[in-house]
Every structure is written in structure tokens, then in C-alpha cells.
Amino acid sequence: MEAYRREDILRLIREEDVQFIRMQFTDLFGQLKNVAVTASQIQRALDGEIMLDGSSIQGSVRVEESDQYLKPDPNTFAILPWRPQYGKVARMICSVHNPDGSPFDGDPRNVLKRELKAVKDMGLTLNVGPELEFFLFLTDEDGNPSTRTADKAGYFDLGPLDHGESTRREVTLALEKMGIAVEASHHEAAAGQHEIDLKYADALTAADNIMTLKLAVKTLAQKNGLHATFMPKPLRDAAGNGMHINFSLFQNGRNVFYDENDPEKLSLLARQFIAGLLEHAQGFCALANPLVNSYKRMVAGYEAPCCLTWSSANRSALIRIPVPRGQGTRVELRSPDPACNPYLTLAACLAAGLDGIRRELAPPPEIAGNLYNMPPEELAARQIRNLPASLEDALRAMEEDPVVMKALGPYAVRYLEGKRQEWEEYKKQISQWELDQYLVAW
């Protein structure tokens, strides 16, 4: 994104006839929030004087300590292309601060900033390239979302088979207008499923871009009479929505994951980073896969990883090393889904990778075979562990992982509490499958 100074923002608001500014922030559970102010209040907004009641935000502060302030990041100023051309609407992404001016520990953006400081102190920069999948579904006569699609397209198909092509194009152009570079977009494997890949950026910018992409997709789909969902597994017999994350570490402009003298062109640092991700994958799973529904995506045969393995090419592995080497060398984590809070997920993944580097961990041998077809006894013989099978298991693993808990800070407990409430509520539900199986037979 373009670097803006205070005077640049004031000039753009005046010249572009911006009437409203959305002060956006993300709550602990990954929901985008905002406070809208008029252009007359922009000076106060830039000074960080816009308040919010934190006690009304799930997972935030208690009622007796509710006053908080939004501190905008000037570099995130962008005019929303899908809003009216007269009386335009802009946005700035904010971090949440306490009344004394200190960063609020429970703000996900501040959590990621803290972890990025550890990288900076090591003389490194983390770049992140996210790939988000989503479905475009039809709405019913009342405008409510369905799980139906008129789309009959498959992987990489184009119109007229691809009925979502025009919406995907609108989203891509809107993101480009906002200064967010799109590397590629295409139809995915399932009918009605799409993918948009963002060009790599520093980790904080990448997390901001993920939140912006999700807002753009949902807004423009609704404008076109469709419903967009990033739900991990909306259809039983189709692949779910993933969010593959590509990581690379740079030092003085050089990709330190690359080693031209290594047979696989991977540096020792890259292997240690991979080992750290594998070591803590169970611990950050509740962040990367935050919903009850997330664990219905991660089953064999639907292109989502289940086992803690890595490979140079194998797409059934948790971690894959894509073909490009040199400055393009990267580590692709394939388990996260787009329902996750990107700030918390990136913070936990970074903490895991750095732990691998600090402890000089070595990854296990890479697995070349198709893990989906590997018998359980072979997995056991190779000592291959699995990702958690449910949100309940993932929350337990997170609580038992000190590296992940430390990365999230004091509000990790609030996250666990909120997600355990979700799990307890789910356990009380009676599904249609249970009624079909048991109502008559028993």
C-alpha cells in the first residue's frame, strides 16, 4: 500500500469529496468492526481520539474498564471503490489503545505487532502471501443465502461455465484500486468455489489485506445478488475453503530460506522454521481453524491436510515447499482456513517458526507419498502425528502449548473461553443426520 502522511490524507479527503471515514478494527474472534466518522472529524480521528466501548466487543475488556481509543494506521487509508462516487467513503485500519495511550493487549493487530518486533530484533523481515478460497451461492426469493449455485465449473474453468467470473473480476479490480496487489484469481475445484491469491507483503500488511479482501468479496457478491461465504466446509461432498499461507524470511533484501548449496536449495534456517511449525501445529490449530465446522474440512480426500508432515511437492502434506527457489523460496502452510483471525494466526505461526530457529530444531524426513491413501498402521510406524480432529481437541492442544499462549498474551484465555462456549453450544445441537439415523430405528 502507498505510504501516506497526515497531510496526504487531508488533501485526498478534500480533493476526492470523501464524506465518511470508516475506522476499522478486528475483534479477538476475527470479525471486522468499524466506527464511522464524518470528514469533519478527520483531525480527531488522525489524533487517535475516536473512542469505542470495549466492553461491548466479544472477548475484549470488562464493563468497568470499557473506554478504549482507535489509533489509525495512515498507510491503510483507502477509498472504498464500491461506495458512491459522490460523498465517497474511505477507511483506515486501526489498532486499539488504552486511555493511557498504551496498546491494548487484547487487540489482535497489537498481538501481531508484538511478535513482529521479535523478528525485527533478529534482523529479519517476515513476508506473507495468502491464498483465500470462498464460495459464491445463490440467494432465495427473500434474499437469504442458500447453498445452491448455478455454476457448473471446475478447477481453472472460465465463463460461461464460471458464473462467478464477473464478481471475482470486480473484487480483483476493487482491491487493485485500494493498493492491494492481486497475484492471481481463478475458479476452484468445486462448483461455485473461487480463489484469490494476494501478492506477498510484510506480515502486518498481509493480515490487513486479508480482512479487506473478505469485506470486498462479501460486499460485491451481495451487490450482484449472490452470497459469498468463507465458511470452511459449507458442502458435504465438495472440498472446503482453505487459506494457504506462504511464509518467507528476508534479511537485508535477501531471502534467507534459500541456500544454493543445499540439494533442495533450502537453508538450515528454513528447515528450522519448518520444524517449529510442525512442533506447534497442534497448538495453533484452534487459531488457524477456529470453527466447529473447520474440522469437517480437514478430512482425507478433500485437499486439506490431516497429518503433521512436510514435502517439497506433496500437496497432501501440512507444509509444502513450492517449486520457485532463490528470492521466491517460501514455506506454504496448508491447514489454515479463511475463517481464522489472520493477525492471531500469523502471530502464532511466527512464534512457532522462531521457536524452531531458536532451538535449532530439525524437521522429520519429508513424505513424498499421498498421505490420504496411507494406511493408519503405516502412519503409526512412521510416527506421523495428526492435527486435532475437533475444535475441542484443538483448544486443549492450544492451552498446553506455552509458545502459542505466550504469543497471544493475556487475552489467550479470553479466546479459549469464547471458543469453548461455542463448542459447548454445538454439543447440544441435534443434526439432521442424527434424526435420519436414529429417530425411526430406535
Write down the atom of Tyr343, the atom of Arg109, and the distance for their closest heavy-atom approach.
CE2-CG, 3.7 Å

Just checking Lys419: does its NZ atom have more than 12 heavy atoms from other residues, nucleotides or ligands closer to it than 6.0 angstrom?
yes

For Phe247 and Phe273, take the angle between the two ring planes, folded into 0 to 90°, and tell me which bin it lands in: parallel under 30, tilted 30 to 60, perpendicular over 60.
tilted

His227 and Phe137: aromatic ring centres closer than 6.0 Å?
no

Donor-acceptor contact present, side-chain Asn255 to main-chain Phe257, <3.5 Å:
yes

Report yes if the side chains of Leu226 and Thr139 come closer than 4.5 Å at any heavy-atom pair, otherwise no.
no

Please determine whether a side-chain nitrogen of the Lys or Arg among Arg5 and Asp8 lies less than 4.0 Å from a carboxylate oxygen of the Asp or Glu.
yes

For the residue pair Phe134 and Phe230, categorise the inter-ring angle as parallel (less than 30°), tilted (30 to 60°) or perpendicular (more than 60°).
tilted

Classify the side-chain pair Arg91/Thr212 by whether it contains a donor and acceptor separated by less than 3.5 Å.
yes

Atom of Cys307, atom of Leu318 and distance for their closest heavy-atom approach
O-CB, 3.3 Å

Between Arg271 and Glu264, is there a side-chain N and carboxylate O pair less than 4.0 Å apart?
yes

Is it true that Gln19 and Asp17 share a donor-acceptor pair across their side chains at a distance under 3.5 Å?
yes

Could you pull out the closest heavy-atom pair between Pro290 and Asp337, with the gap in Å?
CD-OD1, 3.6 Å

State whether a side-chain donor-acceptor pair under 3.5 Å links Thr26 with Lys33.
no

Full working for side chain to side chain contact (heavy atoms under 4.5 Å, CB included) between Phe284 and Leu277
CA-CA 9 Å; Phe284 62 67; Leu277 288 176; 4.1 Å; yes

Side-chain heavy atoms of Phe77 within contact of Leu46, under 4.5 Å:
no

Go through the steps for Trp423 and Val292 under the test side chain to side chain contact (heavy atoms under 4.5 Å, CB included), then give the verdict.
CA-CA 7 Å; Trp423 176 255; Val292 169; 4.0 Å; yes

If you compare all heavy atoms of Val111 against all heavy atoms of Ala407, which two are closest, and at what distance to 0.1 Å?
CG1-O, 3.4 Å

Looking at Arg114 and Asp105, is there a salt bridge between them, counting it only when a charged N and a carboxylate O are closer than 4.0 Å?
yes

After noting the C-alpha distance and the side-chain angles of Lys113 and Ser95, does the key distance pass the side chain to side chain donor-acceptor pair (under 3.5 Å) rule?
CA-CA 10 Å; Lys113 284 182 181 179; Ser95 298; 3.0 Å; yes

What I want to find out is whether Glu170 reaches Lys223 closely enough, with some N-O distance under 4.0 Å, to be called a salt bridge.
yes

Do the non-hydrogen side-chain atoms of His244 and Leu333 ever get within less than 4.5 Å of each other?
no

Examine distances only and state if a side-chain atom of Ser311 and a backbone atom of Ile367 form a donor-acceptor pair shorter than 3.5 Å.
yes

Please tell me whether Gln421 and Glu425 have a donor and an acceptor in their side chains that are separated by less than 3.5 angstrom.
no

Against Leu80, only a single residue in Val18, Val89, Thr219 fulfils side-chain contact (heavy atoms from CB on, under 4.5 Å); can you say which?
Val89

Verify the distance criterion only: is there a donor paired with an acceptor across the side chains of Asp401 and Gln282 at less than 3.5 Å?
no

Should Arg396 and Asp393 count as an ion pair when the cut-off is N to O under 4.0 Å?
yes

Using a strict 4.0 Å threshold on nitrogen-to-oxygen distance, state whether Arg420 and Glu422 make a salt bridge.
no

Assess the side chains of His187 and Asp151: does a donor N or O sit below 3.5 Å from an acceptor N or O?
yes

Got Arg297 and Asn289 here, is their nearest side-chain heavy-atom distance under 4.5 Å?
yes

Between Asn224 and Thr167, does the side chain to side chain donor-acceptor pair (under 3.5 Å) criterion hold? Intermediate values first, please.
CA-CA 7 Å; Asn224 292 337; Thr167 296; 2.9 Å; yes

Thr205-Asp208 side chain donor-acceptor pair, cut-off 3.5 Å
no

